[in-house]
Amino acid sequence: NNKSLILAGNSGSGKTHLGIGIAIEAMKNDRQALVINAPEMLDNLRRAAREHTGFFELMQKYKDVSCLVLDDLGKERSTEASNDYLYQIIDYRYRHGLQTIVTTNALKPEDIYKPWTEKTMKPIISRLMENGDWITITDSADHRQQRLYNCGNI
């Protein structure tokens, strides 16, 4: 369905794996999906704005895709521009009923405000949660580290 999700948990808990799985299911149902790291998305937008090359097209791409998976929200550098870009994207998607999947290491909503400000993130989280859920993955080992250990690399 078009429900949005915030997948929260420690590193290696499977959040990105789940987000990619949701994107694959969306594509199997003839919907467009885009998986992108949140810091990378915001860097792309800042660069396009600074270089005056394709900013509006890029912004529209992030706004319009049927299923957007934003990986690692909270790891990006907070700037006035990135705050504005992120808000515009999430608000547009909220108003148009588009599915947004967010992964974060913040274990509860108030933790995600820390790299940003509550003034910036509270309306973003509110919009995501109105048409979705916050799911915290607990009691999970770091699967990447576990695989390395099982292979004898650690």
Side-chain angles (χ1 to χ4, degrees), residues 1-27 31-138 140 142-145:
N1 62 27
N2 272 350
K3 192 170 195 168
S4 292
L5 292 172
I6 300 173
L7 301 171
N10 292 320
S11 294
S13 61
K15 303 175 302 290
T16 301
H17 180 82
L18 290 170
I20 291 170
I22 292 168
I24 289 169
E25 286 302 311
M27 290 186 293
R31 294 173 51 217
Q32 292 180 328
L34 174 64
V35 178
I36 189 162
N37 179 275
E40 180 182 351
M41 179 188 79
L42 294 169
D43 282 348
N44 291 345
L45 288 166
R46 283 191 297 262
R47 184 178 317 105
R50 183 177 56 249
E51 295 172 1
H52 306 289
T53 55
F55 172 80
F56 295 105
E57 295 82 1
L58 191 57
M59 180 67 98
Q60 208 59 48
K61 174 178 142 180
Y62 298 137
K63 286 179 175 180
D64 283 335
V65 67
S66 177
C67 174
L68 176 65
V69 179
L70 281 179
D71 193 33
D72 277 335
L73 186 66
K75 298 252 176 142
E76 60 284 326
R77 184 172 48 96
S78 175
T79 66
E80 192 172 324
S82 61
N83 295 352
D84 184 49
Y85 302 154
L86 184 61
Y87 176 80
Q88 284 184 50
I89 291 165
I90 298 300
D91 182 64
Y92 179 94
R93 299 182 62 74
Y94 164 75
R95 288 183 289 111
H96 291 85
L98 297 169
Q99 184 178 38
T100 307
I101 310 298
V102 169
T103 72
T104 182
N105 288 346
L107 297 180
K108 51 189 186 273
E110 52 273 13
D111 290 344
I112 203 165
Y113 303 151
K114 291 175 184 168
W116 298 76
T117 65
E118 187 168 341
K119 179 183 174 193
T120 299
M121 286 307 285
K122 198 167 191 170
I124 290 171
I125 300 303
S126 174
R127 281 163 174 73
L128 288 169
M129 290 179 65
E130 183 170 331
N131 182 36
D133 293 310
W134 181 287
I135 297 172
T136 303
I137 301 168
T138 58
S140 178
D142 185 330
H143 297 290
R144 290 182 294 259
Q145 292 295 325

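Using a 4.5 Å heavy-atom threshold, the side chains of C67 and L34 count as separate. Using a 4.5 Å heavy-atom cutoff, the side chains of L58 and N44 are in contact. A 4.5 Å side-chain heavy-atom check between K63 and L68 finds every atom pair outside the cut-off. Between D133 and M129, every side-chain heavy-atom pair lies at or beyond the 4.5 Å cut-off. Side-chain contact check for V102 versus L5: every heavy-atom pair is 4.5 Å or farther apart. Side chains of L73 and L86 form a contact here, defined as non-hydrogen atoms less than 4.5 Å apart. No side-chain heavy atom of V69 sits less than 4.5 Å from a side-chain heavy atom of I36.
Atom-to-atom distance recorded for M27:CE and E25:CD is 9.5 Å, nearest 0.5 angstrom. Here OG of S126 is found 12.0 Å from CD1 of I90. Values are rounded to the nearest 0.5 Å. Atom CG in L18 sits 10.0 Å away from atom CD1 in I101 (nearest 0.5 Å). Distance check, rounded to the nearest 0.5 Å: CE of M59 to CG of D64 gives 11.5 Å. Separation of atoms CZ (R93) and CG (N131) is listed at 10.5 Å; rounding is to 0.5 Å. A distance of 10.0 Å separates CD1 of I124 from CG of L70, quoted to the nearest 0.5 Å.
Each of L107, T104, L128 was checked for a side-chain contact (heavy atoms from CB on, under 4.5 Å) with W134, and the lone residue meeting it is T104. Between I22 and the options Q99, K3, H17, a side-chain contact (heavy atoms from CB on, under 4.5 Å) holds for only Q99.
Contact between A106 and A8 at its shortest, heavy atoms only, is O-CB, 3.0 Å. Contact between K15 and G9 at its shortest, heavy atoms only, is NZ-O, 3.1 Å. For the residue pair A48 and G54, the shortest heavy atom distance occurs at CB-C, 4.3 Å.
With a 6.0 Å radius and a threshold of 12 heavy atoms from other residues, nucleotides or ligands, E130 has its CD atom at or below the threshold. By the 6.0 Å contact criterion, CD on Q32 is open, its count of non-hydrogen atoms from other residues, nucleotides or ligands being 12 or less.
Side-chain atoms of Y87 and R127 form a donor-acceptor pair, as typed in the model, at a separation below 3.5 Å.
With respect to the salt-bridge test (charged N to carboxylate O, under 4.0 angstrom), the residues D43 and R47 do not qualify.
A distance-only check finds no donor-acceptor pair linking the side chain of S4 to the backbone of G132 [under 3.5 Å]. The backbone N or O of L42 sits nowhere less than 3.5 Å from a side-chain atom of S82 that would complete a donor-acceptor pair.
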- Task: In sequence, state the C-alpha distance, the side-chain angles, and the governing distance for I89 and L45, and then conclude on side-chain contact (heavy atoms from CB on, under 4.5 Å).
- Result: CA-CA 11 Å; I89 291 165; L45 288 166; 3.7 Å; yes

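Note: F55 and Y85 meet the aromatic proximity criterion, with ring centroids under 6.0 Å apart.
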